[in-house]
Structures are given as C-alpha cells and as structure tokens.
> 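Handing you this structure, nothing more for now.
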Amino acid sequence: MLMTFFGKQRLAGLALAAVMAGAPLASAAFAQEAPAPAAAAPAATPEAAAPAAEAAAPAPAPAAAEAAPAAAPAAPAQTVDKGDTTWMMISAVLVLLMIIPGLALFYGGLVRQKNMLSMLMQTATVCVIGMIAWVTYGYSLAFTDGGGLDTFVGGASRLFLKDVTPASNVATFSTGIYIPELTFIAFQMTFAAITACLVLGGVAERMKFAACVIFAVLWPLLSYYPMAHMVWWWPGPDGIATAPTAPVKSGLLWGWGALDFAGGTVVHINAGIAALMGALILGPRKGYRSEPMQPHSLTLTLVGAGLLWVGWFGFNAGSNLEANGYAALALLNTFIATAAAGFSWAMTEWVTRKKASLLGMASGLVAGLVAVTPAAGFAGPMGALVLGLVVSPICVFFCSVVKNALKYDDSLDAFGIHAIGGIVGALGTGILVSASLGGAGIVDYTTCAADGDISTCDALASYTMAGQFITQLKAVAVAVVWSAVASSIVFFIIKYTVGLRASPEAEEEGLDIVEHGERAYHS
C-alpha cells in the first residue's frame with residue numbers, strides 16, 4: 001500500500017521521482033493514495049503525459065537554454081502532522097484487530113470443533129512470525145531501493161531497521177506531508193502479517209503446525225515482499241513534483257500504472273492464489289466430499305466477520321496515510337461495498353437455494369471487503385455500491401459451482417473469496433476510478449502546488465478507461481503467476497523437508513489434541 005519515499009534520507013538519493021514526459025507513468029500509489037498516485041496513469045498515452053510534464057517544468061530563459069537546464073522545482077518543507085500520525089497508529093491497531101481475534105475467529109468458526117484450537121494457534125503463530133520477520137528484513141525488502149533488482153524487490157538498507165529513528169520520516173500522498181517512519185513500519189507490518197494468515201484458509205484442518213511455521217518464514221520472502229515492492233514502491237510525490245522529467249525508478253507494477261489502494265493484488269490475489277496452490281499440493285482433507293464437514297460455530301464466524309469489518313477501516317482508510325477527505329472516501333466505501341456484498345450474497349442464495357444463510361452473509365461481507373480494498377480511495381460511493389453488488393454472485397459461483405466441478409478442497413474458500421474477489425476489485429478499480437463515474441481520478445503530481453494541498457493537482461489529464469483497465473488486467477496476471485510460482489516453490493520445499501501434511505491419525509482425531517495437547521472445548 002504505500003510505495004513510500006523515505007523522507008529526508010532518501011530525497012537526495014532517489015532521483016527516481018519524475019514523471020517522464022512520453023512515458024505511461026504509473027498511477028497507483030500502493031494501496032493508499034487516496035488522491036490517486038501517479039502523475040500519469042498507465043492508461044495514459046505518451047501524448048497525454050507529456051503536456052503535464054511540460055507544464056510543470058519552468059521554461060529556461062532563451063540565453064541560458066543551451067548553457068544549462070532549468071533549475072528543478074524546490075522540494076517543499078517536510079511537515080509531519082500529529083493528526084495524521086495519530087490516525088496511522090490507530091489504523092495499525094485496527095488491522096491487528098482484523099488478525100487476532102478477527103480472522104482467527106472467522107476461520108476458527110468455519111472448521112470442525114476438533115480443529116478449532118489448531119486454527120487459532122496457526123493464525124496467531126503465522127501472525128507473530130510475520131511481525132518479527134518484517135522488522136528484521138521484510139520492511140527493507142519491500143520498501144527500499146533494490147538497486148539492480150529494484151523493479152522486483154528492495155535492498156538491504158533497512159535490515160534490522162538500520163538508520164530508522166524517531167526523527168526519520170516517510171512521504172504520504174500529498175507534497176510536503178510526511179509521517180514518522182516508525183509509524184509506517186508498524187502499519188505495513190500488520191499487512192504482511194495478515195496476508196500470510198489468509199493463506200491458512202485454503203489448507204485448514206490438514207496442514208501440520210511445523211509446516212505452518214516454515215511457511216510463515218519462506219512465503220513472504222518469495223511472494224509477499226516482492227509483490228509489495230512491485231506494487232507500492234515509488235519515489236513519492238515530492239520526488240515526482242521536483243523532477244517532473246526525470247526517469248521514474250519504481251516497482252514493476254507501479255511503473256505500469258497499476259492502481260491498488262490497499263492490497264487487492266498484494267494481499268488478496270496473492271494470498272488467494274497461494275491458498276489454492278496449497279490446497280492442490282496438500283490434497284483434500286480425509287473424508288472430503290464423503291463426510292459432513294460443516295462449520296462448528298457460525299456464531300464465532302459472524303463475530304470474526306464483524307471484527308474483520310471493523311479492523312478493515314484501518315486497512316483501507318489507513319492506506320491513505322493521511323487523515324483527510326480521501327481517507328473519509330475510503331472509509332465510506334468500506335461501509336457501502338461491504339453492505340452491498342453481504343446483501344447480494346444473501347439474495348443470490350435466496351434465489352438459487354430458497355434460503356439465505358448466515359454463512360452466506362458472513363462470506364458476502366468478507367467478499368465485499370476484499371473487492372473494495374484496491375478501489376477504496378479511487379472509486380466513488382456509488383461505484384463501491386455497484387462493486388459490492390457484483391462481487392458476491394461471482395464469488396458464489398466459484399465457491400460452489402467451480403469448486404464442486406474441479407473437486408479441489410479450498411477448505412474455507414480462501415481462493416473463492418480472496419483471489420476471485422481481489423480480481424474483481426482490481427479490475428473494477430480501473431473503471432470506477434473514472435471521474436465521470438464519480439471516482440477520484442488519477443493525480444498528476446507534476447501539476448500540484450507546493451503547499452501539500454492535493455486538491456490543486458490535475459486528476460483528469462492522464463486517465464483513459466480502456467488503457468487503465470488493460471493495465472489492471474496485466475497487474476492481475478502478474479500477481480496470479482508470481483504467487484502461483486512462488487507459493488508452489490514454498491509448499492514443495494516444505495513437503496520434501498519437514499512434510500506438509502498431518503498424519504491420517506491426526507486428521508481423524510483432530511489437530512487440537514494431537515499437535516497442541518489441548519482442546520478448544522471441554523464438554
């Protein structure tokens with residue numbers, strides 16, 4: 001979500017930030033930029049991007065034109081607002097609420113009683129490993145300059161949080177506006193943690209605990225950190241505004257102009273595809289399709305879904321990095337799309353099965369949250385409403401018809417909801433960002449006033465719907481292929497070392513007592 005540009009320490013060293021006149025600039029600030037991140041959308045043609053760059057660059061005096069180039073615009077003073085900082089710290093805590101207890105209870109209620117405690121333990125373990133890995137090496141690999149590999153992954157400059165102090169800042173999406181780097185690290189840490197936890201839904205009730213531990217270490221290395229870098233690493237608004245004609249050094253998908261406000265590709269498609277690969281490599285649960293495997297507590301599942309919804313406001317609105325109107329837009333969209341998806345899932349079941357189920361309502365709420373994630377700060381409220389209404393019937397089809405036809409055991413529908421919902425949301429973002437449809441448009445930072453006011457930027461010149469949709473489609477394809485390959489490598493490494501799957505006896509008796517020596521319930 002944030003391709004940030006490391007304030008003071010990186011401004012001079014990153015001569016990356018610039019909207020190349022004649023290049024289709026990326027417009028997606030990592031899941032956050034409410035205003036729309038880039039100077040020229042991927043959909044933009046060279047002709048569309050050039051005028052903005054030319055307008056922003058001061059013309060050299062006739063006599064000096066041959067002798068020296070015009071001076072670059074001065075970078076605005078760095079301003080750190082206590083309100084923005086407070087909002088981001090609250091958002092980080094809200095995302096933690098999504099994981100423990102939100103996701104843990106949502107997944108836990110969906111498994112059989114004998115595996116409830118195991119599900120809680122796996123979620124908590126993957127979460128805490130993800131946090132430790134993030135501050136030691138994950139943050140550096142996701143959000144620093146990767147040198148020759150910068151298109152795909154970051155470097156080593158922030159290993160063990162080297163040179164990070166209370167005084168170091170990172171850029172937001174408004175020129176001159178920054179937040180403390182420590183705040184940004186904490187916020188992004190929760191994203192890395194929950195993404196790996198989401199994968200557990202596809203391998204529930206049969207993946208052994210030791211395999212989960214190794215997965216929590218290896219999978220982010222090969223899949224999450226590179227995807228976060230490719231989508232969210234960019235030079236920041238000041239870098240672009242002060243060097244409007246310089247080549248932009250950024251992550252691959254950002255460079256294409258892919259829009260992902262809070263993690264449609266990085267989090268949901270990435271995790272959903274990994275869940276599918278895990279389910280296929282592990283194979284189905286013992287007794288799958290021949291024994292009943294109903295959720296043991298839909299009560300806890302709905303409690304978990306509610307906690308996910310509450311925490312998701314930090315996930316989506318926090319991805320704006322500032323407490324402003326774009327954060328409010330993301331917040332409202334997170335209400336509306338989720339409500340619409342819950343309603344449409346229930347109505348789809350009512351029409352096709354003559355009953356609207358609580359399981360369907362909970363699944364619909366999560367599908368809406370997933371779909372609106374990439375669009376949260378880009379779509380207008382009516383666009384979010386449409387997105388929510390559309391995503392649930394599509395997810396229902398994949399969670400029932402497709403899964404039954406292909407007979408794969410995606411235990412808790414992580415693929416059917418997260419991957420499919422993320423794809424719908426990512427593609428929909430390319431359409432709903434259009435100002436003509438009530439969207440926020442795409443910001444051209446070369447047109448911003450140097451006072452931190454994003455409303456002074458041009459949000460129209462660089463967008464074409466067809467071009468942006470194609471860019472979104474390319475980004476989805478990269479996310480699917482990257483995750484499929486990286487996840488397969490991780491699962492096969494585990495399979496042929498410590499082993500992936502619990503023994504048939506453990507599956508029969510339940511992972512709670514066999515792997516942890518405890519039970520969730522005592523009757």
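Not measured: the values here are computed from a predicted model.
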> Roughly how far, to the nearest 0.5 Å, is the CG atom of L222 from the CD1 atom of I493?
6.5 Å
> ring-ring contact (aromatic ring centres under 6.0 Å, His included) with F397: which residues, sequence neighbours excluded?
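F397 satisfies ring-ring contact (aromatic ring centres under 6.0 Å, His included) with no other residue.
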> I'd like to know if the side chain of Y139 pairs up with that of E181 as donor and acceptor (distance under 3.5 Å, no hydrogens or angles considered).
yes
> Give the minimum heavy-atom separation between N333 and A375, together with the two atoms involved.
ND2-O, 4.2 Å
> Is there a side-chain contact between L182 and P166, using heavy atoms and a 4.5 Å cut-off?
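Yes; the side chains approach each other to less than 4.5 Å.
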> Test side-chain contact (heavy atoms from CB on, under 4.5 Å) on T429 and D260 and set out the steps.
CA-CA 8 Å; T429 299; D260 188 352; over 6 Å; no
> With sequence neighbours excluded, give me every side chain to side chain donor-acceptor pair (under 3.5 Å) pair touching residues 296-309.
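Those involving residues 296-309 are H296-Y521.
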> Say whether, by atom type as modelled, one donor and one acceptor occur between the side chain of R112 and the main chain of M293 under 3.5 angstrom.
no
> What are the two closest non-hydrogen atoms of M230 and T151, and how far apart are they?
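Closest approach of M230 to T151: CG-O, 3.3 Å.
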> If you look only at distance, which donor and acceptor atoms sit under 3.5 Å apart when one is on a side chain in residues 94-109 and the other is two or more places apart or in another chain?
{"unit_1": "Y107", "atom_1": "OH", "unit_2": "L198", "atom_2": "O", "d": "2.8"}

> At what distance, to the nearest 0.5 angstrom, does OG of S223 lie from CE of M277?
11.5 Å
> Side chains of L221 and V490, heavy atoms from C-beta outward: is any pair under 4.5 Å?
no
> L511 and S118: which non-hydrogen atoms are nearest, and at how many Å?
CB-OG, 3.5 Å
> Compare all side-chain heavy atoms of T373 with those of V267 and state whether any distance is below 4.5 angstrom.
no
> Do the rings of F215 and F491 sit parallel, tilted or perpendicular, given the 30° and 60° boundaries?
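F215 and F491: parallel rings.
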> Please check if the side chain of Y225 supplies one atom and the backbone of S140 the other of a donor-acceptor pair under 3.5 Å.
no
> Show the numbers, then the answer: is there a side-chain contact (heavy atoms from CB on, under 4.5 Å) between W482 and I273?
CA-CA 9 Å; W482 188 285; I273 295 298; over 6 Å; no
> Is a side-chain donor or acceptor of T265 paired with a backbone partner of V476 at a separation under 3.5 angstrom?
no
> Taking the side chain as every heavy atom from C-beta outward, state whether I185 and R158 have any pair of such atoms under 4.5 Å apart.
no
> Assess whether a salt bridge exists between E291 and R285, defined as any Lys/Arg side-chain N lying under 4.0 Å from an Asp/Glu carboxylate O.
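Looking at R285 together with E291, the answer is no, because their closest N to O distance does not fall below 4.0 Å.
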> Please lay out, stage by stage, how W233 and D145 fare under the test side-chain contact (heavy atoms from CB on, under 4.5 Å).
CA-CA 8 Å; W233 169 249; D145 188 340; 4.1 Å; yes
> Looking only at heavy atoms, which two atoms of A171 and L321 are closest? And how far apart?
O-CD1, 3.8 Å
> Give, for atom CG of L365 and atom CH2 of W312, the distance between the pair rounded to the nearest 0.5 Å.
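Interatomic distance, L365 CG to W312 CH2, rounded to 0.5 Å: 10.5 Å.
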> For residues 300-311, which residue pairs pass the salt bridge (Lys or Arg N to Asp or Glu O under 4.0 Å) check, not counting sequence neighbours?
none
> Is the closest side-chain heavy-atom distance between V170 and F143 below 4.5 Å?
no
> Are the side chains of M207 and L500 in contact, using a 4.5 Å heavy-atom criterion?
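Yes; the side chains approach each other to less than 4.5 Å.
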> Atom CG of L369 and atom OG1 of T338: how far apart are they, to the nearest 0.5 Å?
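Here the interatomic distance stands at 3.5 Å.
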> Say whether T190 and W134, considering side chains only, have a donor N or O and an acceptor N or O under 3.5 Å apart.
no
> Can you tell which of T195, L253, V231 makes a side chain to side chain contact (heavy atoms under 4.5 Å, CB included) with V266?
V231
> As an exercise, state the distance from CG of L280 to CG of L276, rounded to the nearest 0.5 Å.
4.5 Å
> With heavy-atom distances below 4.5 Å as the criterion, would you say the side chains of H229 and D150 are in contact?
yes
> Side-chain atoms of residues 413-428: list all donor-acceptor pairs with protein atoms under 3.5 Å, sequence neighbours left out, distances to 0.1 Å.
{"unit_1": "D413", "atom_1": "OD1", "unit_2": "K403", "atom_2": "NZ", "d": "2.8"}
{"unit_1": "H418", "atom_1": "ND1", "unit_2": "H268", "atom_2": "ND1", "d": "3.1"}

> Any donor-acceptor pair under 3.5 Å linking the side chain of S344 with the backbone of A341?
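Side chain of S344 to backbone of A341: a pair is present.
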> Checking salt bridge (Lys or Arg N to Asp or Glu O under 4.0 Å) against K286, which of E509, E508, E507 comes through?
E508
> What pair of heavy atoms forms the shortest contact from A193 to M131, and how long is it?
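Heavy atoms only, the tightest pair is CB-CG, 4.3 Å.
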> Once salt bridge (Lys or Arg N to Asp or Glu O under 4.0 Å) is applied, what residue pairs with a partner in residues 471-498 remain, sequence neighbours excluded?
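Counting only pairs at least two positions apart or across chains, no salt bridge (Lys or Arg N to Asp or Glu O under 4.0 Å) contact touches residues 471-498.
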> Applying side-chain contact (heavy atoms from CB on, under 4.5 Å), run through T165 and S168 and close with a yes or a no.
CA-CA 5 Å; T165 72; S168 57; 4.0 Å; yes
> Is a donor on one side and an acceptor on the other found under 3.5 Å between the side chain of T352 and the backbone of T348?
yes
> State, to 0.1 Å, how close A274 and W219 come at their nearest heavy-atom pair, and which atoms those are.
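Looking at all heavy atoms of both residues, the shortest contact is CB-NE1, 3.5 Å.
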> Going by side chain to side chain contact (heavy atoms under 4.5 Å, CB included), M119 matches just one of D512, L412, L110. Which one?
L412
> Using modelled atom types only, decide if a donor and an acceptor are shared between the side chain of K162 and the backbone of A156 within a distance under 3.5 Å.
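The answer is no, because no donor-acceptor pair under 3.5 Å joins these two groups.
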> In Å, rounded to the nearest 0.5 Å, how long is the span from CG of L389 to CH2 of W345?
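L389 atom CG to W345 atom CH2 measures 14.0 Å (nearest 0.5 Å).
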